[in-house]
Amino acid sequence: MKDRENRLVKAGVAGSTAEAAQMLNFLSRHEIAACAEAGSLKVYEGNSPSGQAILVAEEDASRAEELLRGFTPIRTYAFRRVLRH
């Protein structure tokens, strides 16, 4: 077992909980462990209007960032503005 401290760093940002799940699954398929960190509103509303940070181990950050640059999640919007005509 390696004796090292794993430090998590931000590799990307998801716009919603559903988008974060897609990004985490995508990274997992490329053998990169990741987790999502959201703002405090997620606790109360089930989503975070400010998005969710996608966190990976520091040593996986550059590869994860490169993979996420080429990934487009299916967009979901839990917070829609009402358009007035």
Undergrad: Measuring from atom CD1 of Ile54 to atom CG of Leu8, what distance do you get when rounded to the nearest 0.5 angstrom?
TA: 12.0 Å
Undergrad: May I have the list of side-chain donor-acceptor pairs in residues 63-72 shorter than 3.5 Å, sequence neighbours left out?
TA:
residue	atom	partner	partner atom	Å
Arg63	NH1	His30	O	3.0
Arg63	NH2	His30	O	3.4

Undergrad: How far apart are the closest heavy atoms of Ala61 and Val56, and which atoms are they?
TA: CA-CG2, 3.7 Å
Undergrad: Honestly curious: do Leu24 and Leu55 fall in one hydrophobic cluster under the side-chain, below-4.5 Å linking rule?
TA: no
Undergrad: Write down the atom of Glu58, the atom of Val9, and the distance for their closest heavy-atom approach.
TA: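 Nearest heavy atoms, Glu58 then Val9: CA-CG2, 3.9 Å.
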Undergrad: Any idea which heavy atoms bring Ala14 and Glu19 closest together, and the distance?
TA: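 Closest approach of Ala14 to Glu19: CB-C, 3.9 Å.
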